[in-house]
Structures are given as structure tokens and as C-alpha cells.
Amino acid sequence: MDAELKENLMGALEQVIDPELGIDIVNIGLVYDVDLDEEGLCTVTMTLTTMGCPLAGVLTDQVRVAMSDIPEVKDTKVDLVWTPAWTKDRMSRYAKIALGIR
């Protein structure tokens, strides 16, 4: 997968807003990787801020919808992982400023 396509996929994921925080999942640091195979299967490896997050289903559905806007993507698999664990250090500078985190 070329860098431009990966950038497009990450850009689409920036449209997925965490309803609790009001910031997209990329800037929060929830997305660890995104990959697209030759058959058009997009695999999004991501985590959640907590294991018991009640929004897991909502966020994974929104990820699938966001990826469906990319012509090269035929199907999307969301791989929820817990290692490495999410910490606020994964957040972008933008997200930290928006949430008042130092």
C-alpha cells in the first residue's frame, strides 16, 4: 500500500469522532495501524480508552462506514487490541490542547 492511500485511509478515520471526548479516534491515539490487502480488505488495528468502553460497537461501526467512502476498500475488519494499552501519551498535541491535558 502506498503512502498516499494510507494517508487517505487515516484521513477517513479522522472523521470518526469519539462521542465521549468529541475528538477523532486518530488524534486521540486509538488507531495503531491501518492496512489494505490486494483484495480490498481494510484492517484497522485500534484500541479503546478502556476495556469496558460502552461505545466499542458504535466506534467500530463508524470505522466501517468511514472506510466505505474509500473506493479501494471493499470490506473492513476492525481488530480491537489491548496491547499496547492506550495512554494519554498517544494523543496528538491537538487533542491534548482541545481537552486541556498537559
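Note that the coordinates shown come from a computational prediction; the quantities given were computed from them, not determined experimentally. We count residues from 1, following the sequence as given.
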Could you walk me through whether Val16 and Val31 pass side-chain contact (heavy atoms from CB on, under 4.5 Å), step by step? CA-CA 11 Å; Val16 178; Val31 177; over 6 Å; no
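- With contacts defined as side-chain heavy-atom distances shorter than 4.5 Å, the pair Asp18/Ile23 does not qualify.
- Ile97 and Val26 fall into different hydrophobic clusters, defined by Ile, Leu, Val, Met, Phe, Trp and Tyr side-chain heavy atoms under 4.5 Å apart, directly or through other members.
- Between Met91 and Trp86 there is a side-chain heavy-atom pair separated by less than 4.5 Å.
- Here the closest heavy-atom approach between residue Arg90 and residue Gly29 is recorded as NE-O, 3.0 Å.
- In the hydrophobic clustering of ILVMFWY residues, with side-chain heavy atoms under 4.5 Å counting as a link, Tyr94 and Ile25 come out together.
- The side-chain heavy atoms of Leu80 and Met46, taken from C-beta on, include a pair separated by under 4.5 Å.
- With respect to the salt-bridge test (charged N to carboxylate O, under 4.0 angstrom), the residues Lys77 and Asp35 do not qualify.
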Take Leu13 and Asp24 through the test side-chain contact (heavy atoms from CB on, under 4.5 Å) and record every step on the way to the result. CA-CA 8 Å; Leu13 290 171; Asp24 68 85; over 6 Å; no
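- To the nearest 0.5 Å, atom OG1 of residue Thr76 and atom CG of residue Asp61 are 11.5 Å apart.
- The shortest distance between side-chain heavy atoms of Ile28 and Leu99 does not fall below 4.5 Å.
- Hydrophobic clustering (ILVMFWY, side-chain heavy atoms < 4.5 Å, transitive): Leu41 and Val78 are in distinct clusters.
- At distances below 3.5 Å, not a single donor-acceptor pair connects side-chain atoms of Thr47 with backbone N or O atoms of Trp82.
- Interatomic distance, Asp75 CG to Met67 CE, rounded to the nearest 0.5 Å: 12.5 Å.
- The hydrophobic cluster containing Tyr32 also contains Val34, counting ILVMFWY residues as joined when their side-chain heavy atoms lie under 4.5 angstrom apart, directly or transitively.
- When every heavy atom of Thr60 is checked against every heavy atom of Gly57, the shortest pair comes out as OG1-O, 3.1 Å.
- Distance check, rounded to the nearest 0.5 Å: CG of Asn8 to CG of Asp69 gives 11.5 Å.
- Residue Thr45 holds its OG1 atom at 13.0 Å from CG of Leu30, rounded to the nearest 0.5 Å.
- Hydrophobic clustering (ILVMFWY, side-chain heavy atoms < 4.5 Å, transitive): Val65 and Val44 are in distinct clusters.
- Of all heavy-atom pairs spanning Ala12 and Ala66, the tightest one is O-CB, 3.5 Å.
- Contact annotation: the side chain of Leu9 approaches that of Val73 to within less than 4.5 Å [non-hydrogen atoms, C-beta and beyond].
- Nearest heavy-atom pair, Lys88 versus Arg102, reported as atom, atom and distance to 0.1 Å: NZ-O, 4.4 Å.
- Atom CD1 in Ile101 sits 14.0 Å away from atom CZ in Arg93 (nearest 0.5 Å).
- Here the CD-CG distance, from Glu72 to Leu5, works out to 5.0 Å after rounding to the nearest 0.5 Å.
- At least one side-chain heavy atom of Leu59 sits under 4.5 Å from a side-chain heavy atom of Pro19.
- Counting only heavy atoms from C-beta outward, the side chains of Ile70 and Cys42 never approach each other to under 4.5 Å.
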